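Let me begin by presenting the structure, written as C-alpha cells, before commenting on it.
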Amino acid sequence: MPRFSVGQTFVALFLAANLWASAALPVAQAADYSKEHPLKVALVVHGFLGDKSFMDSAAAGLEKAKAELPVDVKIIEAGNDPSRWQPALADATDAGYDVVIAGTFDMTGFIVDLAPQNPETKFIIFDDAPDFSKCSCSNVLAIEYQTSSAAYLAGYAAAELSKTGTLGTISGMEFPTVTNFKVGFDEGAKAARPDIKILSQVAGTFDDPAKGKEIARAQLDQGADVIFPIAGATGIGALQAVRDAHKLAVGVDSDQATIFAATDQAQANVIFTSVEKRIGRSLYIALKDTIEGQAKYGTRLLLGLPEGAVGISRNAYYEKLVPAGLRAEIDAVEQKISKGEIVPETLLK
Amino acid sequence: MIELLATVFSAAFFLTVIRTSTPLLLATLGGLIADLSGALNVALEGIMLVSCLTAVVVSVYAPWYVAVIAALLAGAFLGSVMAFFHLRLKADIVLVGFAINIFASGATVFALTLATGGDKGSSTNLISKPVPALDLSFLGMVPGVGGLLVRTLSGHSVLSWLAGLLVFVLWYFLYRTSWGLQLRSVGEHPSALEAAGVSANALRGWSLVASGALAGLAGAQLSMFNYVGFTRDMTAGRGFIALGAVLLGARHPVGALLAALLFGMFDALSVVMPGLFNWIPAELIRMIPFVVTIVALILFSYRMKLTSTTFDH
C-alpha cells in the first residue's frame with residue numbers, strides 16, 4: 001500500500017492546482033485576442049533564416065500575420081547543429097508562447113514528445129505530420145502540402161515546352177515530401193505527352209551544388225532539355241548547369257526566378273516557373289483559424305491549390321517563356337484540379 | 001551496356017572525371033603532406049570550406065587569379081593556426097582539426113551573411129567569377145589525333161592542370177630533395193631527425209601550412225569551377241574522402257592521384273548511370289563509390305600483408 005509523505009502530498013496538490021489552472025485558462029482566453037492582448041507565437045527555425053525558401057517563407061507569413069492579425073511573433077534561429085534543435089523548441093515552449101511553430105520531419109519527434117507535457121501550448125508543425133492515432137497530440141496542428149497538384153501543372157508545361165521529348169528530375173533524397181513533387185510532375189508531363197521520357201536521379205544530398213551541377217549536365221547530355229531539381233542547394237547547382245547550357249528549368253519551393261533576377265539575369269531567364277510551397281500563406285491561414293477558434297488541433301490540415309498554399313509561379317519569366325496558348329491550357333488544367341475533375345496522384349492522402 | 005561503354009569512353013565523361021577529381025586530388029595532396037610529417041590533418045574539410053567562401057567573395061571584387069591566391073592564403077593561414085595550437089600549445093592535432101571544421105561551418109555562414117547582406121544559405125546574390133578553362137583548340141592542328149586531343153585535353157580548369165603538375169612537384173620534393181627526406185623522416189622517427197640537428201616542429205609546422213594551402217586550392221576549384229558560387233557546407237564531405245584517399249593512395253603522390261581519379265570516376269559513373277539504367281535502384285548506384293573504396297582498401301591491405309610476409313622470410 002503506497003504511503004505519502006507530507007512533502008509528496010504538497011507536490012501532488014500543487015500539480016493538481018496547476019492542472020486545474022491550465023485546463024481553465026484556454027477557456028478564458030480562446031475567444032478574444034486583441035492588439036493589447038495578442039496571440040503570442042514563436043517560430044523555431046532549425047537552421048537559419050536566409051534560405052530563400054522554406055524558413056524565409058514561414059517568416060514572411062508570420063510577418064504578414066503580425067501586421068494584419070492580433071499576433072505577436074518571435075522567431076528563434078536554432079542553428080545548424082541538430083543537437084540544439086530540441087533544446088530550442090523546449091525553451092520556446094517553456095517561455096510561455098501560446099503557439100509554437102516548427103517545420104519538417106526533423107522537428108516532428110520533438111513536438112510529439114513536448115505536446116503531451118505542455119497541454120496549454122499549441123503546436124503547429126508544417127510540411128510533416130505525426131501519427132495522430134499513436135501520439136497524444138490533441139494540441140498539435142500538422143500542415144501538409146498537396147505539392148503534387150502544383151507539380152502536375154509544371155510537369156504539364158515542361159512536357160509541352162520540351163523540344164527533345166526528354167525531361168530530367170533531380171531529388172535530394174527520397175522522402176515523401178520531396179518525392180511528392182516528382183510524382184505530380186511525372187504525371188502531369190505524361191498527361192501532356194504520353195510518350196515523354198523522364199530521366200530521374202536521387203542526389204543523396206541537399207548540400208552539394210557541385211554534385212547537382214554534374215547530375216544536371218549528365219541529364220542534359222542524355223537529351224533532357226527541361227530539368228526539375230527538388231534538392232535544396234544541390235538543386236541550385238543543377239540550375240547553374242541549365243543556365244550554362246541555355247535550356248529550361250523548373251524551380252522549387254519558392255519563386256526561384258524572381259530570387260535570381262536581381263543579380264543573375266541569365267539564371268532567371270531559364271527558370272520558366274517554380275513549384276511553390278507557400279509555407280507563409282499556410283501559417284497565416286492556420287493562425288487566423290486559431291484566433292477565430294476554427295483551427296482543428298489534433299488533426300492534419302492538407303492544403304493544396306484551392307487554398308493557394310501551393311501553386312506555380314506566374315511571373316514575367318513565365319509570361320515570356322511559356323506561350324499564351326499553353327498558359328491558357330495550364331489555367332484550364334488548374335481549374336479542373338481545383339474542381340476535382342483531375343485528381344493528381346499523390347503520396348499524401 | 002553498349003550505351004554505358006559509349007558514355008564511359010566519351011570525351012564528356014573524361015572531362016567530368018577530371019572535374020570531380022580535381023578538388024579531391026588537391027585536398028588529398030594536402031592531406032598527404034601533413035600525414036607524412038606525422039600530423040594528421042582532419043581539418044581539410046573545414047579549410048576547404050573557408051577557402052570556398054574566400055574565393056567566391058574575393059572574386060566578386062578582383063580577377064579570378066587573385067581569388068585563387070586568396071583562397072590559397074586563407075588555407076595556409078588556417079594551416080598555420082593548426083600548427084600554432086598543435087606544436088606551440090601542444091594541443092591534440094585531431095581535436096584542433098575538428099575545432100577548425102566546426103569553426104568553418106559556423107564562420108562561413110556568418111561571413112556569408114556579412115558579404116551578401118543577410119543571406120545565410122547561398123551566395124546567389126554575389127556575382128562571383130569562375131576559374132577559366134584552358135582552351136587548347138590549337139591542338140586540332142596535330143594531324144590524325146588532333147580532334148581527339150582537343151576533345152579530351154581542352155576545357156579543363158586551369159587548376160586541374162596545376163593539380164597534375166603538383167603531383168609531380170610533390171613527388172620530386174619528397175623523393176629527390178633532402179627537405180623531402182627530412183619531411184618523411186619526421187613522420188617516421190622525429191627523434192632521429194632532432195639528433196641530426198633538424199627541428200621537427202619547424203618541419204611539421206611548414207607541412208601543415210602547405211597542407212592548408214593545398215586544401216585552399218581545392219576549395220577554390222570547388223567554388224569557382226565545379227560550381228560557381230558558395231552554398232552552406234558545400235564541401236559535402238570531400239575533405240574526409242580526401243583523408244581516405246591519402247591512405248588508399250599508399251601515402252604516395254602518384255597513389256594520391258590514382259585514388260582521387262578512382263573516386264572521381266565512380267562519382268561520375270553514379271551520375272550518368274541512372275539516366276541509362278532506370279531499372280537499377282538509385283540507392284545501389286549511390287553505393288558504388290563506397291563499395292569500390294572498401295574493396296580497394298581490402299586489396300591494398302592484402303597486398304601489404306603479402307609484402308610484409310615476404311620481408312619476414
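Just so we're on the same page: letters track the sequence lines, and every chain starts at 1. Everything numeric here is computed off the predicted structure, so don't read it as measured data.
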(request) Take B/V50 and B/T108 through the side-chain contact (heavy atoms from CB on, under 4.5 Å) test and state the conclusion after the steps. (result) CA-CA 6 Å; B/V50 169; B/T108 48; 4.2 Å; yes
(message) For a side-chain contact (heavy atoms from CB on, under 4.5 Å) check, start with the C-alpha distance between A/I230 and A/F185, then their side-chain angles and the critical distance, and finish with the verdict.
(response) CA-CA 11 Å; A/I230 320 153; A/F185 185 85; over 6 Å; no
(request) Please assess A/L321 against A/L161 for the test side-chain contact (heavy atoms from CB on, under 4.5 Å), listing each intermediate value before the final yes or no. (result) CA-CA 9 Å; A/L321 296 164; A/L161 288 171; 5.6 Å; no
(message) Go through it in stages, so that I can follow the logic: the residues are A/S282 and A/K277, the test is side-chain contact (heavy atoms from CB on, under 4.5 Å), and I'd like the CA-CA distance, side-chain angles, deciding distance and then a yes or no.
(response) CA-CA 9 Å; A/S282 71; A/K277 196 186 264 186; over 6 Å; no
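The residues A/D186 and A/K182 are annotated as salt-bridged, a charged nitrogen and a carboxylate oxygen being separated by less than 4.0 angstrom.
Side-chain contact of A/S83 with A/D81: a donor-acceptor pair under 3.5 Å is present, judged by distance alone. Between the side chains of A/D127 and A/T177, not a single donor N or O lies within less than 3.5 Å of an accepting N or O. Inspection of the B/S105 and B/D233 side chains reveals an N or O donor paired with an N or O acceptor under 3.5 Å. Counted by atom type alone, A/S313 and A/E276 present one or more donor-acceptor pairs between their side chains at under 3.5 Å. A/S162 and A/D225 share a donor-acceptor pair across their side chains, judged by distance under 3.5 Å alone.
Ring planes of B/W161 and B/H156: perpendicular class, angle over 60° (limits at 30 and 60°). Below 30°, between 30° and 60°, or above 60°: for B/F240 and B/F98 the angle between ring planes is below 30°, a parallel geometry.
When heavy atoms are compared at a cutoff of 4.5 Å, B/V109 approaches chain A solely by way of its side chain, counted from C-beta outward. For B/F230, no part lies near chain A; criterion is any non-hydrogen pair under 4.5 Å. For a residue to count as touching a neighbouring chain, one of its non-hydrogen atoms must lie under 4.5 Å from one of that chain's; by this rule A/S200 touches chain B with the backbone only. For chain B, the nearby part of A/A203 is the backbone; its heavy atoms alone come within less than 4.5 Å.
Below 4.5 Å, heavy atoms of chain B meet heavy atoms from A/F260, A/T263, all part of residues 244-274 of chain A. Listed by sequence position, A/D208, A/P209, A/A210, A/K211, A/K213, A/E214, A/I215, A/R217, A/A218, A/D221, A/Q222 are the residues of residues 208-224 of chain A in contact with chain B, using a 4.5 angstrom heavy-atom cutoff.
Of the listed residues (B/T124, B/D267, B/L112, B/I102), the one with the most heavy-atom contacts under 4.5 Å to chain A is B/T124.
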